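Remarks on the structure that follows.
What you see is a predicted model, and the numbers here were worked out from it, not measured in a lab.
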Amino acid sequence: MAAGLSSEDFTNLQLLLKAPSKDAVRDICVQSHRALSRRLTENTAATFSIPAAQAAQLIQSLHTLSHHVLFYNLTSPEQILAVFPESFHSSLKNLITKILLENSPAWRTEALSHQVSLPQLKELDWRVDLVTGSDSVSRMAVPTCLVQLKMEDPCPSAVGDSISTVTVELSRESLDTILDGLGRIRDQLSAVAGK
């Protein structure tokens, strides 16, 4: 969950008034979204001519603000402007809002791509085979279903590919069991979606 914004955060954001240019404000807003780092703190302190402790507080407050905007899905200027106190510097408030609106779609996409989630089914292929030769007479002329699943792992290992393929051989009974289970899942999803 996003951390709440405090009056101290808005006091820290007033330090942006010491920026030498709008580009400097834009740079620190974008860079602070990821996390606090010593290098960013030192660069900010030098650029804004403020002590490193104040630079760290400014970066943390910007980080909190950008995550607040993403967490609460604030997508319009009015929504973001409403977060600021009435007494906050008007031009600075508008500049920060503009920067947040420009960058939030990319930040949202980045956050979604780093979420931990289960593998997703990307492709399904199947075929029916008829066994014509076997060491067991009972297996001859028995149809089987081969199902091939291609899945994408959103969190692939450093070594492997993000796409994996699994092939399963199913007897008629196994296929009936799976189809029955999938039918129940479909019914439950329909019931939930209908509410």
Discussion item. What I want to check is whether the side chains of Arg26 and Asn103 have a donor and an acceptor closer together than 3.5 Å.
Written reply: no
For the atom pair [atom1] ([X]) and [atom2] ([Y]), what is the distance rounded to the nearest 0.5 Å?
X	Y	atom1	atom2	answer
Leu92	Lys22	CG	NZ	10.5 Å
Ile96	Leu62	CD1	CG	6.5 Å
Phe88	Asn94	CZ	CG	10.5 Å
Thr47	Asp23	OG1	CG	12.0 Å
Lys150	Lys122	NZ	NZ	13.0 Å
Leu58	Leu16	CG	CG	4.5 Å

[atom1] of [X]: more than 12 outside heavy atoms within 6.0 angstrom?
X	atom1	value
Gln148	CD	yes
Lys93	NZ	yes
Arg34	CZ	no

May I ask you to test the [X]-[Y] pair for a side-chain heavy-atom distance under 4.5 Å?
X	Y	value
Asp9	Leu65	no
Val166	Met151	yes
Leu101	Pro77	yes
Thr97	Phe84	yes
Asp27	Asn43	no
Leu74	His68	yes

Linked, directly or transitively: [X] and [Y] (ILVMFWY side chains, under 4.5 Å):
X	Y	answer
Ile80	Phe10	yes
Leu121	Leu146	no
Leu100	Tyr72	yes
Leu182	Leu149	yes
Leu17	Leu81	no

Where [X] and [Y] come nearest, the two heavy atoms and their spacing:
X	Y	answer
Ile99	Cys29	CG2-CB, 3.6 Å
Pro143	Leu130	N-CD1, 3.7 Å
Leu15	Phe48	O-CD2, 3.6 Å
Ala24	Ala19	CB-CB, 4.3 Å
Ala52	Thr41	O-CG2, 3.4 Å

Item to complete: Take Arg127 and Asp129 through the test salt bridge (charged side-chain N to carboxylate O under 4.0 Å, His left out) and record every step on the way to the result.
Response: CA-CA 7 Å; Arg127 73 174 195 257; Asp129 281 352; 3.1 Å; yes
Worksheet item: Which word best sums up how the rings of His33 and His63 line up, parallel for under 30°, tilted for 30 to 60°, or perpendicular for over 60°?
Response: tilted
Worksheet entry | Exam field: side chain Asp180 to backbone Asp176, donor-acceptor pair closer than 3.5 Å | no
Discussion item. Applying side chain to side chain contact (heavy atoms under 4.5 Å, CB included) to Thr11 and Gln57, what does each step give before you reach the verdict?
Written reply: CA-CA 10 Å; Thr11 302; Gln57 291 171 340; over 6 Å; no
